[in-house]
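Before any comments, here is the structure.
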Amino acid sequence: MAPPMEDIRLVQNRETNLLELDLTGKDLYNIPDTVLQHTEVEVLKLSFNKLKTLPKGISRLSKLKYLWLDFNEFEEFPEVVCELTSLEHLYLSQNKLRHVSPRIGQLRNLKVLFLHKNELNELPNEIFHIPSIVDLHISENRLVELPEDIGLLENLTMLRGWDNQIRRLPDSVCRLKKLRLIDFAMNQLQVLPDGFGTALSGVEVSLYGNPLVQPPFEVCCQGVKAIADYQDQLSSAEDTVDPCLKMLLVGETCGGKTSLKNALVLNKSQLVDVLSRTHGIEITPWDTGNEIKVNIYDFGGHEAYFLTHQLFLTNSALHLLVVNLSAYREASFQVEIGRWLDMLAVRVPGAMVRVVGTHIDKMSPEEVRAKSSLISDQIVTYQADREATLQVIIDKLEHSMAHPAEMITSCNMETSFQELSERLDKAKKTAHQKLRIGQVVIPVSSASGLAGIQALREEIVCMAHNSQNFPELRRKLPRSWTILEKLLSAKSNEADCPLYITMEDCMLMGSSAGLPTQSSLINSLNYLHRTGAVLYYEALPRFVFPNPTHLIDIFKALLKDHAEMKAEYFKISWLTPIERRRIDDNFTHQAILPHKVVSSLLKQHTGQSKEGLDLLLALMLNFGICHRLPVPEENSPARAYSTSDRMYLFPWYLRRLKPADVQWTMYPQEDEEHIELVCQMAMPSPWGLFERWCVLSTRHLSYRQAWENGMYAFSQADMSVAIMMQHVEEGGASTLHVAGRGTRECLTTVWATVKSIVSELHTLLKEWPGLYTDTFICCAHCVKTHTESPGYFSGELLHHTAPGSVRSLRCPRTRELVDVSLVYPPATPTDQPVSKECVQIVSQKLSKTKWRPLGRALGLEEGDIEAIEVQHSRDLNEMKYQMLLCWQRKAGQSAAMSVLISALRNTAVQENAIADELETLAK
Ligand SMILES: Nc1nc2c(ncn2[C@@H]2O[C@H](COP(=O)(O)OP(=O)(O)OP(=O)(O)O)[C@@H](O)[C@H]2O)c(=O)[nH]1
Ligand SMILES: [Mg+2]
């Protein structure tokens, strides 16, 4: 059915001034003749229709610059578009095209060519002879190769080809000097072209989901710089690394993991006593008698360890999900299997998983068969449900794109559209990265007789040998890297191996291994960290932990279940009964422990010196495991809640509900503005995400009350701005909220604080690449008017500023007008970076007691501050200087003069004289 005539009218776009004809989502099978009469049209939008062909007459639209034909039903390439020689943008994605006409080469002005999500096996070479192309999107096709001629696209800035079957990238991609993004995730790439890293320096590279061997995946996911360094080092000398498979035993407590490990390694039954639970993680080498060695990571299945487990998960490992088959019931699926699969799916998407059923010595063969087949069916349903959940998201996004009138979630239609299509890409990529779960349960008994153990052993060896499963097992590395690994491993095997090696010592090791520069050393350390050989965190750049198990001991000391933790501090002999009662009270109700107790527990478990203890605490803070409570100002309202001791809050131990005295009303007061951001996920939130988010956010906050699923605080920059963070879990889905409130005068601070906290969340979320999330800005008008389910604006707006002319926007749900300053954050002035001279001034003049508060006001983590203190404890000026450098390094371009000046004026710092001096200098 043709759309009514009045719909077919030319409109001049207010922003671009181009003449547009918009027929998106009109269910068109053919293009109405009236369209062809508009020969002056420059933008023709025909997305989301049912078109299979284009009429010849379309060639009359000779001024056409933009042609949108995506989400239609083209099976044959519409040749006639090749006559539209003014075309600059051609969108043909989401059709069923099997080929592209070579005549496309006639479009000499083409800049953007979108062909993704079709059925293309190959592309005509002519595409690569259109030098004007800047953006080529060929993802989600069936391409197996790219021609060398791609190197001729000298203006190309964006090259997206994810989800194809491409086996190698042509060497000529290294000639694409203008490239900013290259995305070939989810292909079949094993080897990258020589010189790729150096030639494409500064380019954003996405290569996950490829069986990369050269460079290894762990190097590629660190970006081009690491690739360049690897390739550079490799060119001087290479070593073949002995294959070693990382095998993780995961699953519920008492599933039989440790007993299974014993059976595999010792080849005899050694059942674990039922009370000897595994604490943390135990790593055991297993000699399979085969060329492939295996390192078994045995994870304690108790909830207290869930947080830290995730830190040890890496791609390219084999995961055995161990279940007590004898005790298994249909209703146990979520606890025994589902939530473990959830954890793996979001943390290491695409990982290889096998389910092992233990305790079969207690079952009849029929029972084993029945339960195994029950589990297999449940896994199939689980996977189908997960796919369906993501499909719902994908369908919704496609629907929004097809109905532009409903989807306006910002001032600018193009931004909304682009944002939706990015979210769609993300959702599709997430859906694509499925776990590789074997659906057959492997039945074993670790009791005498070891039924099924030999078969499991053979299966593991067989899987390891299959290069499709673990292509990276047989890898070549730069000789300098393997030497460094050997040196570090020798160190970790020494009887008195220290917890950490300083960067200075590590540099010496590096240079004797042939890594002359610090950056080449760091790349190699990052690689070793990702393989699990050492631990090296960018947030603690001066320390390398040669023995990961030592760190596990530390986690063990502080992450236990409630009862065990209580038992630990009750054992501390030097506490008086009164002290003990107070500590117990604080811990039970507020999850707070004083410094002396934390130190004592760490000391018991790790035997560390004072310096070592401070470093450990810094490490805890960096991991987001606990945070140090600020010591409030003498006259601050927070004073009543805190003491002058150093106190640490461990959010996982919080069991209490929201305390009644939290002064946050359900709705904002008349004179208050309310800015709220919501992060939605269609599944339970990953373990520890909310707690770690709260810990890391505390660097922007001052005084807080925390409870099991929430935190209430004030902005660090202005105590009259209140912040509330909450975690809501409902019907298998979860949302994380952060809301800020203050009077209109404080609106800029409200926005700034909420933005910083959201940015902490987005940084954290990178640790869960398989998790699909959406961030929204809650409609402030809805909140103010107590609307039950408020409308949502796109979270992308956080990164934009409102167009100057717009004063208000319509809520996407209620269509009511809302003030634009409550939807878009205020523009931040672009100002000058901090000069060396200013850094000198601040480090000389800042008073002794203010360097820590200043570091916090600048957004540094407690861990950074403590690490600086440990390293430069004898030189105060150096400490201040390093703190500022650390801030500049971390904040990058945002390390502006205005930020430093306002931090100096912060209530906790109050170095106004220095701020004035800098201000004068800035003028
Ligand atoms: N009969 C029989 N008992 C088993 C088998 N596997 C484990 N057990 C017993 O089951 C209990 C739990 O076994 P563990 O190996 O400690 O279980 P786990 O999964 O390591 O437990 P956590 O360390 O707490 O996560 C112990 O009492 C074991 O002796 C088995 O195959 N047959
Ligand atoms: Mg165990």
Side-chain angles (χ1 to χ4, degrees), residues 246-286 294-313 318-329 332-341 343-344 353-365 367-372 375 441-457 459-460 549 552-553 555-557 559-565 567 652 687:
K246 183 171 171 184
M247 184 166 89
L248 309 172
L249 305 184
V250 296
E252 264 309 277
T253 187
C254 286
K257 298 178 288 296
T258 309
S259 307
L260 174 64
K261 178 200 74 185
N262 291 344
L264 285 171
V265 175
L266 308 171
N267 204 15
K268 62 173 190 197
S269 172
Q270 194 177 98
L271 291 180
V272 175
D273 185 87
V274 74
L275 296 173
S276 307
R277 170 197 290 175
T278 307
H279 295 285
I281 305 163
E282 280 163 15
I283 307 172
T284 318
W286 170 34
V294 179
N295 263 336
I296 305 184
Y297 285 59
D298 175 18
F299 283 43
H302 194 274
E303 281 206 15
Y305 308 121
F306 288 0
L307 167 82
T308 44
H309 285 170
Q310 300 176 77
L311 302 173
F312 290 87
L313 294 180
L318 170 62
H319 304 81
L320 298 188
L321 174 42
V322 181
V323 181
N324 177 343
L325 202 61
S326 152
Y328 190 80
R329 302 281 168 272
S332 358
F333 181 79
Q334 192 46 30
V335 172
E336 300 260 350
I337 298 177
R339 58 180 180 159
W340 296 92
L341 294 180
M343 170 173 88
L344 296 173
V353 187
R354 289 290 175 274
V355 180
V356 178
T358 59
H359 291 75
I360 60 165
D361 49 291
K362 293 181 163 179
M363 307 162 74
S364 68
E367 205 188 339
V368 172
R369 259 196 302 279
K371 285 201 179 166
S372 302
I375 293 179
V441 176
I442 307 171
V444 296
S445 160
S446 310
S448 65
L450 299 184
I453 293 290
Q454 184 54 24
L456 173 63
R457 188 179 284 126
E459 168 102 16
I460 294 168
T549 45
I552 296 165
D553 289 339
F555 289 135
K556 274 192 231 170
L559 291 170
K560 306 169 170 297
D561 69 24
H562 254 106
E564 281 176 335
M565 192 60 159
W652 348 90
W687 284 311

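Ligands are counted one by one from 1 in listed order, and the atoms in each one are counted from 1 as well.
Here the CG atom belonging to L248 is positioned 8.5 Å from the CG atom belonging to L320, to the nearest 0.5 angstrom. Rounding to the nearest 0.5 Å places CG of L321 at 11.0 Å from CD1 of I442. Expressed to the nearest 0.5 Å, how far CG of D273 lies from OG1 of T258 amounts to 12.0 Å.
For the pair R457 (side chain) and L264 (backbone), a donor-acceptor distance under 3.5 Å is present. Judged by distance alone, the side chain of S445 and the main-chain N or O of H359 form no donor-acceptor pair under 3.5 Å. In this structure, the side chain of K257 does not engage the main chain of V322 through any donor-acceptor pair within 3.5 Å.
On a distance-only criterion, C254 and ligand 1 share at least one N/O pair closer than 3.5 Å. At least one N/O-N/O distance between G256 and ligand 1 falls below 3.5 Å. Where the criterion is an N or O separation shorter than 3.5 Å, residue side chain and backbone included, D273 fails it with respect to ligand 1. For a threshold of 3.5 Å applied to N or O pairs, the pair formed by K362 and ligand 1 contains no separation below that value. Between T278 and ligand 1, a contact under 3.5 Å exists for at least one N or O pair. For R277, no nitrogen or oxygen atom sits less than 3.5 Å from a nitrogen or oxygen atom of ligand 1, counting backbone and side chain alike. For D361, a nitrogen or oxygen atom sits less than 3.5 Å from a nitrogen or oxygen atom of ligand 1, counting backbone and side chain alike. Ligand 1 has no nitrogen or oxygen under 3.5 angstrom from a nitrogen or oxygen of G300. Below 3.5 Å of separation, one finds an N or O of G301 facing an N or O of ligand 1. In terms of N/O distances under 3.5 Å, ligand 1 is approached by V272.
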**OP:** Would you sort out whether D298 and L260 count as a side chain to side chain contact (heavy atoms under 4.5 Å, CB included), showing the intermediate values?
**Re:** CA-CA 10 Å; D298 175 18; L260 174 64; over 6 Å; no
Subject >> M343 and H319: CA distance, side-chain angles, deciding distance, side chain to side chain contact (heavy atoms under 4.5 Å, CB included) verdict >> reply: CA-CA 12 Å; M343 170 173 88; H319 304 81; over 6 Å; no
Original post:
Hey, mind stepping through I337 and Y328 against side chain to side chain contact (heavy atoms under 4.5 Å, CB included) and telling me if it holds?
Top reply: CA-CA 10 Å; I337 298 177; Y328 190 80; 4.0 Å; yes
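A cation-pi arrangement is present between K246 and Y297 under the rule of less than 6.0 angstrom and at most 45 degrees off the ring axis.
Between W340 and F306, the ring-plane angle classifies as perpendicular under the 30° and 60° cut-offs.
The shortest distance between side-chain heavy atoms of I360 and V444 does not fall below 4.5 Å. Counting heavy atoms from C-beta outward, K261 and L249 have side chains that approach closer than 4.5 Å.
Protein heavy atom nearest atom 31 (O) of ligand 1, with residue, atom name and distance: S446 N, 2.8 Å. In terms of protein heavy-atom proximity, atom 4 (C) of ligand 1 is nearest to H359 NE2, 3.0 Å. The protein atom (non-hydrogen) at minimum distance from atom 15 (O) of ligand 1 is S259 OG, 2.7 Å. Nearest protein heavy-atom contact of atom 24 (O) of ligand 1 is T253 OG1, 2.5 Å.
With atom 18 (P) of ligand 1 as the reference point, the heavy atom nearest to it among Q270, E252, K257, K261 is part of K257.
Excluding waters, the set of protein N, O or S atoms lying under 2.8 Å from the Mg ion (ligand 2) comprises T258 OG1, T278 OG1.
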